[in-house]
Q: 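Have a look at this one.
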Amino acid sequence: MDAFKGTAVRLVFFAFLTRYALSQEYFRMGVNTNTAEASQFLREYDREASGMCYRVTMSQWKFVTNITEYNRRRMLEELALSSKFERLSWRKAAAYDSSRLSDPQGRRQLMKIVQASRAALPDDKYSEIQQLISEMKEIYNSAKICPYGQKPYDPHIPRIPYSNEYQDMNQGYQLANQPYQHYQPYTESTESTYCDMQLDPEISRILAHSRIESELLYVWKSFRDQTGPKLRNRFMRYVTLANQAAVATGYRDAGDQMRAAYEDPSFRASVEEMYNQIQPLYKQLFTYVRRKLVQRYGVTSVRSDGPIPAHLLGNMWAQNWKSIMDLVMPFPQSPNVDVTAEMLRQGFTPLRMFQMAEEFYTSMGLKPVPPEFWRGSMLVRPAQRSVQCTASAWDLCNRIDYRIKQCTEVTMQDLVSTHHEMAHIQYYLQYSEQPQLFRDGANPAFHEAVANAATLSVYNLPHLQRVGLYQNKSHDPYEVGMNFLMTMALEKVAYLPFAFMVDQWRWSIFEDGVQNMNSRWWQMKLRYQGVTPPVARHEGDFDPGSKYHIISDQEYIKYFLATILEFQIFEQLCSVSGHTGHLYECDVYRSRDAGRVLSEIMQAGSSKPASEIIKSMTRGKTNRISPEALVRYFRPLELWLRVQNRDEPLIGWSSNYHDVALFAPQRGSSQALTTSCLFIALSLICTVL
Ligand SMILES: *[C@@H]1O[C@H](CO)[C@@H](O)[C@H](O)[C@H]1NC(C)=O
Ligand SMILES: *[C@@H]1O[C@H](CO)[C@@H](O)[C@H](O)[C@H]1NC(C)=O
Ligand SMILES: *[C@@H]1O[C@H](CO)[C@@H](O)[C@H](O)[C@H]1NC(C)=O
Ligand SMILES: [Zn+2]
């Protein structure tokens with residue numbers, strides 16, 4: 001073990017010297033340059049890894065579609081085996097000097113085995129970090145709060161319409177490759193409960209539907225009380241271990257290691273630039289929404305040129321604002337598109353919805369799903385057993401068996417979700433001929449981006465008219481269009497600053513250490529999202545711990561990129577299909593040309609860098625992810641918002657001393673005092689700029 005560590009240190013040094021010369025391949029490398037041996041290893045790896053993947057994924061499938069103690073134990077056993085296999089393979093792969101291998105695909109495969117793993121840690125620390133992560137998930141998942149004002153929870157508050165796209169609690173398609181996480185049986189609450197309210201569904205429903213400020217504040221704060229403080233110490237230890245693993249693999253820190261998957265040496269600058277490009281649109285939306293909140297809650301609650309208190313936006317993390325559509329609808333006299341009633345009238349069934357989704361893709365010349373799909377999938381909630389209902393698409397790693405698990409109900413939300421999950425299945429089918437290591441999106445953002453690009457074409461009026469679900473009922477098309485764009489903006493545009501700041505914060509913790517974690521979190525929330533905590537926060541509160549992806553070790557920047565990339569892909573599809581006019585009215589149904597572009601993106605899997613795939617997708621115009629398409633999509637709404645905001649004193653927000661004092665580092669020693677003053681001064685400058 002000691003010799004092993006010694007080598008690691010030298011390798012890190014070597015990696016530093018050569019990182020720019022070798023571009024992305026700056027992780028740890030061994031000395032074996034025997035190409036024949038390496039190819040032999042990769043052939044064996046491909047076979048064994050596919051087999052291992054099948055067993056693990058099948059055991060996960062059995063568990064989430066039939067939650068029993070027995071199935072849970074079986075799954076944990078398989079996961080333990082798979083973790084052992086990962087460590088073993090990592091050691092073998094890390095023995096090769098991949099930079100010397102002549103075969104570029106082999107080089108890339110070795111890189112993928114070594115790059116993202118923590119297997120460089122010694123055994124005890126490797127187990128420790130896994131144990132920590134699973135304890136943190138456990139604590140998070142068991143967080144419960146008491147009902148507000150001791151009144152029992154009312155199960156008749158309407159159920160939140162289920163949206164798969166940003167219900168990123170448990171991103172479905174990834175289950176196949178990821179160990180046990182957040183499997184929580186979905187149980188409809190039918191009786192009053194006491195101190196038994198969970199994030200999903202009770203707390204989320206209150207945040208979405210209650211308009212009583214004190215109740216919102218109560219659930220916002222109580223959920224944080226039940227998570228952050230219990231997670232903080234474990235999280236700090238996790239940061240130490242994750243950094244050690246990264247350094248032993250050849251990276252500067254764990255954030256550096258997470259970013260490597262994007263194969264872009266100027267990645268941080270690129271995402272920052274993207275944020276800056278969407279900021280003017282965000283500020284217009286923000287300003288309009290703030291005025292509506294001032295009208296609803298009064299200036300004592302929301303300052304008319306200030307940031308927005310984070311508990312008033314309909315969501316625990318202020319990341320998705322669609323639940324407050326009732327407060328901000330542009331034309332309340334015109335409808336918001338919802339074809340649920342029409343689907344019911346036409347006697348839709350879950351099966352028909354899936355057939356319709358399949359036909360959407362085959363109409364573009366893409367692949368039908370195999371018979372195994374219809375045999376194996378779980379399309380409705382079964383009556384006799386407990387299941388986990390989050391919609392997800394599964395690749396069982398044997399090139400035949402693909403499945404969807406969704407407790408489908410006949411609603412428009414679920415119709416959209418059906419098309420979304422079917423897009424993941426299409427992705428699996430398209431890259432099925434790639435080796436196991438390349439059966440994935442071109443970078444971590446691609447799977448979601450492609451699935452959402454397809455659904456942008458489904459969830460729009462022209463498409464719903466084409467499939468006979470929407471009749472023109474002589475409503476003003478402009479008003480209906482603005483209502484539609486506002487719904488989309490509350491979901492996508494409002495989400496971007498949040499999706500951006502989560503990993504900005506995480507990277508800064510990995511890079512600069514764990515002091516003042518909570519005030520840095522709020523400083524970034526204020527700077528990028530324009531939100532403040534509704535009550536004073538302290539270091540011990542550890543508010544980042546209220547976000548599942550932080551404590552469950554899942555990177556987040558992919559959601560920021562996916563949201564931007566989905567519009568970029570969508571615009572390309574629309575352009576080759578010959579669409580003219582507003583982007584938000586484009587439908588690529590039945591376009592073989594759009595199908596060809598999609599299959600080209602998907603077939604490559606992750607065998608090529610994302611930049612190459614974007615380059616061929618855009619016919620050489622660019623090799624980067626760019627928010628221009630997203631901004632164009634929302635242009636008609638942005639113009640409308642500018643008119644609404646013309647009398648506003650400030651587009652965006654300015655923060656004052658009181659805003660910043662809510663989360664400034666605590667005074668304790670004179671040093672802390674100095675830091676805190678400096679911190680306040682800096683925040684003011686930053687946010688005023
Ligand atoms: C659910 O799992 C149990 C094992 O715990 C098994 O006996 C049972 O047959 C399974 N039910 C179904 C419907 O697959
Ligand atoms: C719907 O009807 C209105 C008036 O009857 C008309 O102005 C509008 O163009 C129609 N919209 C579509 C999409 O057909
Ligand atoms: C994208 O293309 C530019 C030149 O057009 C090149 O300098 C850059 O390295 C490319 N980026 C990536 C990530 O390949
Ligand atoms: Zn998805």
Side-chain angles (χ1 to χ4, degrees), residues 20 23-24 58-77 162-178 185 259-271 273 357 375-378 380-388 390-395 403-406 413-414 416-428 440-456 458 554 558-559 561-563 565-566 602 608-626:
Y20 294 108
S23 168
Q24 290 312 301
M58 187 55 101
S59 73
Q60 290 175 317
W61 171 270
K62 284 191 174 150
F63 175 67
V64 298
T65 60
N66 178 10
I67 297 173
T68 66
E69 192 43 44
Y70 175 79
N71 288 344
R72 186 180 131 85
R73 263 206 317 276
R74 287 298 311 273
M75 176 180 70
L76 292 179
E77 283 161 21
Y162 174 66
S163 152
N164 172 61
E165 293 102 285
Y166 291 98
Q167 195 161 61
D168 41 28
M169 275 304 260
N170 193 351
Q171 273 299 321
Y173 88 91
Q174 282 198 331
L175 274 179
N177 307 321
Q178 280 202 356
R259 293 187 297 270
Y262 293 94
E263 305 182 86
D264 175 0
S266 49
F267 184 65
R268 289 180 92 160
S270 308
V271 289
E273 190 188 326
R375 274 205 294 276
S377 290
M378 184 193 100
V380 290
R381 183 189 180 127
Q384 303 301 335
R385 54 187 204 268
S386 173
V387 300
Q388 196 254 9
T390 317
S392 51
W394 296 62
D395 177 351
R403 301 178 183 187
I404 285 175
K405 166 178 76 67
Q406 179 174 294
Q413 275 296 335
D414 279 6
V416 173
S417 168
T418 302
H419 285 75
H420 174 104
E421 298 306 331
M422 275 297 213
H424 287 312
I425 299 286
Q426 187 63 227
Y427 215 143
Y428 300 150
D440 201 351
N443 71 27
F446 263 73
H447 243 287
E448 277 314 297
V450 164
N452 280 336
T455 57
L456 284 179
V458 174
Q554 300 182 52
K558 69 177 171 200
Y559 299 111
L561 293 167
T563 307
L565 181 59
E566 79 180 74
M602 298 193 283
K608 295 186 216 165
S611 58
E612 275 180 39
I613 290 177
I614 295 171
K615 193 159 182 179
S616 73
M617 167 183 101
T618 58
R619 304 291 174 257
K621 266 192 251 129
T622 180
N623 61 4
R624 319 172 68 96
I625 298 180
S626 156

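Residue numbers count from 1 along this sequence. Computation of the quantities below employed the complete heavy-atom set of this structure, encompassing side-chain atoms and omitting hydrogens, waters and symmetry-equivalent molecules. Just so you know, ligand 1 is whichever comes first in the structure, and atom 1 is the first atom listed for that ligand.
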Q: Protein non-hydrogen atoms only, distance under 4.0 Å: does atom 14 (O) of ligand 1 have such a neighbour?
A: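 When distances to the protein are checked, atom 14 (O) of ligand 1 has a heavy atom within 4.0 Å.
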Q: Apply side-chain contact (heavy atoms from CB on, under 4.5 Å) to the pair Arg72 and Ile67, showing each step before the final yes or no.
A: CA-CA 7 Å; Arg72 186 180 131 85; Ile67 297 173; over 6 Å; no
Q: Evaluate whether atom CZ of Arg624 has more than 12 neighbouring non-hydrogen atoms of other residues, nucleotides or ligands under 6.0 angstrom away.
A: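 No, because the 6.0 Å sphere around CZ of Arg624 holds 12 heavy atoms or fewer from other groups.
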Q: Which atoms of ligand 3 sit under 4.0 Å from any heavy atom of Ser611?
A: 12 (C), 13 (C), 14 (O)
Q: Shortest non-hydrogen contact from Ile404 to Glu421?
A: CD1-CB, 3.6 Å
Q: Heavy-atom distance from atom 9 (O) of ligand 1 to the protein below 4.0 Å?
A: no
Q: Hey, does Tyr70 come in under 3.5 Å of ligand 1, counting only N/O atoms on both sides?
A: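 No, there is no polar N/O contact under 3.5 Å.
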Q: Pairs of nitrogen or oxygen atoms closer than 3.5 Å, one from Arg385 and one from ligand 1: do any exist?
A: no
Q: Does either side chain, that of Gln406 or that of Thr418, offer a donor lying less than 3.5 Å from an acceptor on the other one?
A: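 Side chains of Gln406 and Thr418: pair found under 3.5 Å.
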Q: Taking all heavy atoms of Ile614 and all of Phe446, pick out the closest pair and write down the distance.
A: CG1-CZ, 4.0 Å
Q: Please determine whether His447 has a backbone or side-chain N, O or S atom lying under 2.8 Å from the Zn ion (ligand 4).
A: no
Q: Parallel, tilted or perpendicular for Tyr428 and His424, by the 30°/60° rule?
A: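 Ring orientation of Tyr428 relative to His424: parallel.
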Q: Hey, is the Zn ion (ligand 4) within less than 2.8 Å of some N/O/S atom on Glu448?
A: yes
Q: Quick one: does ligand 3 sit under 4.0 Å from the side chain of Asn623, the backbone, both or neither, non-hydrogen atoms only?
A: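 Asn623 to ligand 3: side-chain contact only, backbone stays beyond 4.0 Å.
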Q: Measuring from the Zn ion (ligand 4), name the closest N, O or S atom belonging to His420.
A: NE2
Q: Tell me the closest heavy-atom pair linking Ala261 and Asn443, and the distance in Å.
A: O-CB, 4.1 Å
Q: Considering only protein heavy atoms, which is closest to atom 1 (C) of ligand 1, and at what distance to one decimal place?
A: Asn66 ND2, 1.5 Å
Q: Please report which non-hydrogen protein atom sits nearest to atom 5 (O) of ligand 1, along with the residue it belongs to and the distance in Å to one decimal place.
A: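 Ranking protein heavy atoms by distance from atom 5 (O) of ligand 1, first comes Thr68 OG1, 2.9 Å.
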Q: Could you tell me whether atom 3 (C) of ligand 3 has at least one protein heavy atom nearer than 4.0 Å?
A: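 Yes, because at least one protein heavy atom sits under 4.0 Å from atom 3 (C) of ligand 3.
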Q: Please assess Glu448 against Thr563 for the test side-chain contact (heavy atoms from CB on, under 4.5 Å), listing each intermediate value before the final yes or no.
A: CA-CA 8 Å; Glu448 277 314 297; Thr563 307; over 6 Å; no
Q: Relative to the Zn ion (ligand 4), which of the N, O or S atoms in His424 is the closest?
A: NE2
Q: What orientation do Phe267 and Tyr262 show, parallel under 30°, tilted 30 to 60°, or perpendicular over 60°?
A: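 It falls in the parallel class, under 30°.
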